[in-house]
Amino acid sequence: MKSFYITTAIDYVNGSPHIGHAYEKVLTDVIARFRRQLGDQVHFLTGTDEHGQKVQASAKQRGIEPQQFVDETSAEFRALYDRLNVSYDDFIRTTEPRHKQVVRDILQRLFAAGEIYQAEYRGFYSTRQEQFLQSKDRLPDGSWPELFGEVAEIVEANYFFRLKKHQDWLIEFLTENDDFIFPHFRQKQVMEFLKEPLNDLCISRPKARLEWGIPLPFDENYVTYVWFDALLNYYSAVVDQGRWPADYNLIGKDILVPPHAVYWPIMLKACGLPPPKHLLVHGWWLQSGAKMSKSTGAAVNPLTLVEEFGVDAFRYFLIREMNVGQDSEFTREQFLVRYNSELANNLGNLVNRTLNMTTRFASGVLPAAEVSEDPERELHDLWTRTRDEFIPLCEGFQFHTALERMMVFVTATNTYIQRREPWKLGKSAEAKDQALLRTSLATMAEALRLAVALSQHVTPATTARINAVLGYTPGADWRAELTWGAKLNGAKVAEALVLFPRPAPAEKTPAKVL
RNA sequence: GCCAGAGUAGCUCAGUGGUAGAGCAGAGGACUCAUAAGCCUUUGGUCGGGGGUUCGACUCCCCCCUCUGGCACCA
């Protein structure tokens, strides 16, 4: 059995989760569930990043200990991911002893190997903001913004990681592993970045300025800062499990260069560890072209859609709408278009009419198909093509296209029903019509079963509910479920199920709501 | 400024050398099993602009314009 280790970025807990956090976890979950379906031994890690200046400041502002603060906010993130049906196998927090121990071990190892050295850091420091400033923080006239208060150039002893030393190795590695980063244009972006010489990386902060962190094992007057803390979670979580390297680290495009594409592989190289096999870089959800987050004051909180329309509708929209790696617009109107036309009208209504006709014309027991004429053959053929395209599309992270193909098949099933008109056949006593009626009921039910088998990793609860009302329990081997057959013969179906109720009439035609 | 991504029907996007596509929205129609859903037909585009290569370009090359993001020790 193939092992498959996949991670999300860990979320910084200084704030509440928003759509970007949710999307990344759902996307990772979709990949994880897909690999499990293919039979891989999947290990899915997510978690929270809990140290640093901002957390320390936020806790102080609320008058509580940092640990209490991160306990609360980390739980908030975790609750969201549970709500979203994110099937993580492990949830790591950087304040856990298991993580801190690995960080200290690694730092000690690198220090002993001469990969970390002490030097003086010279820079402009804002006492009010408790941070070093960069030249880009300056106003065009060269002065410092009022926000920073008094700014002075100071010198501070710190520890540095020998990044520059490994630059050539990294370039060589990326050249030889052309598919390290998905999508490919991101890798080109990294190569561009590496054309300029790297500087060594400052990895410490004096405890006098920052207490909330992991102390350096070789100098307890310092804590390590950001990189060796946050990035190492992917490794520390599985240090004793033999799972490293990860197959995929999923990240947003904002943390690719330089952290994940430069620091992270070099850190591992310095430790004598292999880099992850791949980085998968996703884009952002935009609203009016701006990155969506709480701070931009987005008019719609997309997470309320979960409460309004259900987890699966939300997951479906995220995966159906976003081309992995690109940015996408997020609007309530677009959500409603997908919800109404694809989930409610196309799929949900197919479920209901299948159940209703089976109940009305066959006493709720699915008959066997007896006839195979053009309408059946054409639907069978479309199924074969759909299934054969679907799996490679998912393997290539083209989930949005895969779901579109699945919906085309659902539409074709609705068309098939229209061609057979079972409601007319049901009124005929002719033996041929009765055979066609049984065939059409069996065919629509089987098509429905197959369609939702395809989307199982995106909408797992919906697939389970539809199987349940079809009186069907799927087998363990997912691929074996994808063959058109007679699995539903004799199944007793439910009378009705409205899976995706339509919203109030006012929102029936979203285009006019604008 | 440099680098990358994007610019195709009202909207969201697919197409990547051979007579412009889909979904949604709009218009018309037939039906009734169904969540007033589904089905059929249909309106709609000088494929950002300009050059070039080619028998032929949305598709290849060059220049330009617009939008978005990045340009490091912030994550």
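The chains referred to below are lettered A, B, ... by the order of the sequence lines, with proteins before strands, and numbering in each begins at 1.
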If I pick the P atom on C11(B) and the same atom on G70(B), what distance separates them, to the nearest angstrom?
26 Å

Is it the case that R405(A) places NZ or CZ above or below the six-membered ring of F390(A), under 6.0 angstrom from the centre and within 45 degrees of the axis?
no

So, do W227(A) and F161(A) have ring centers that fall under 6.0 Å from each other?
no

What's the spacing between S328(A) OG and H282(A) NE2 if we round to 0.5 Å?
11.5 Å

Which nucleotide wins on minimum distance to the side chain of E421(A), given the candidates C39(B), C31(B), G5(B)?
C31(B)

State which of A14(B), G23(B), C33(B) makes the closest approach to the side chain of F361(A).
C33(B)

Under 3.5 Å, is there an N or O donor on one side and an acceptor on the other linking the side chain of N352(A) and the base of A34(B)?
no

So how far is it from R502(A) CZ to L336(A) CG, rounded to the nearest 0.5 Å?
10.0 Å

Scan N345(A) against the nucleic acid and name what it touches under 4.0 Å (heavy atoms): base, sugar-phosphate only, or nothing.
sugar-phosphate

Pairwise 5' ranking along RNA chain B for K253(A) and Y12(A), keeping only the more 5' one
K253(A)

Within residues 178-194 of chain A, the residues having a heavy atom closer than 4.0 Å to RNA chain B are F185(A), K188(A), E192(A), F193(A)

According to ring pair (Phe, Tyr, Trp, His ring centres under 6.0 Å), who are the partners of W423(A), at least two apart in sequence or on a separate chain?
none

Measure centre to centre between the rings of F335(A) and F309(A), then say whether the value is under 6.0 Å.
yes

Please work out if D49(A) contacts a base, only the sugar-phosphate, or nothing of the nucleic acid, heavy-atom cut-off 4.0 Å.
sugar-phosphate

Tell me, with the steps shown, if K25(A) and D11(A) meet salt bridge (charged side-chain N to carboxylate O under 4.0 Å, His left out).
CA-CA 10 Å; K25(A) 275 64 188 178; D11(A) 298 319; 2.8 Å; yes

If you check the R353(A) side chain, which of A37(B), A22(B), C33(B) turns out closest?
C33(B)

Touch class at under 4.0 angstrom, heavy-atom based, for K427(A) against every strand present:
sugar-phosphate

Just call it for K54(A): base, sugar-phosphate, or nothing, with non-hydrogen atoms closer than 4.0 Å on any strand.
sugar-phosphate

Which of the following nucleotides, U32(B), A14(B), G5(B), is nearest to the side chain of W423(A)?
U32(B)

In whole angstroms, how far is the P atom of G23(B) from the CD atom of Q334(A)?
17 Å

Please, what dot-bracket string fits RNA chain B when only Watson-Crick and G-U pairs with both distances under 3.5 Å count, crossing ones use [ ] and pairs to another strand use |?
((((((((.[[[[.)..(..]]]].((((.........)))).....[[[[[..)....]]]]])))))))....

W264(A) CH2 to A72(B) P, in whole Å, measures 24 Å

Check E373(A), E378(A), R377(A) against P375(A) for a side-chain contact (heavy atoms from CB on, under 4.5 Å) and give me the one that passes.
E373(A)

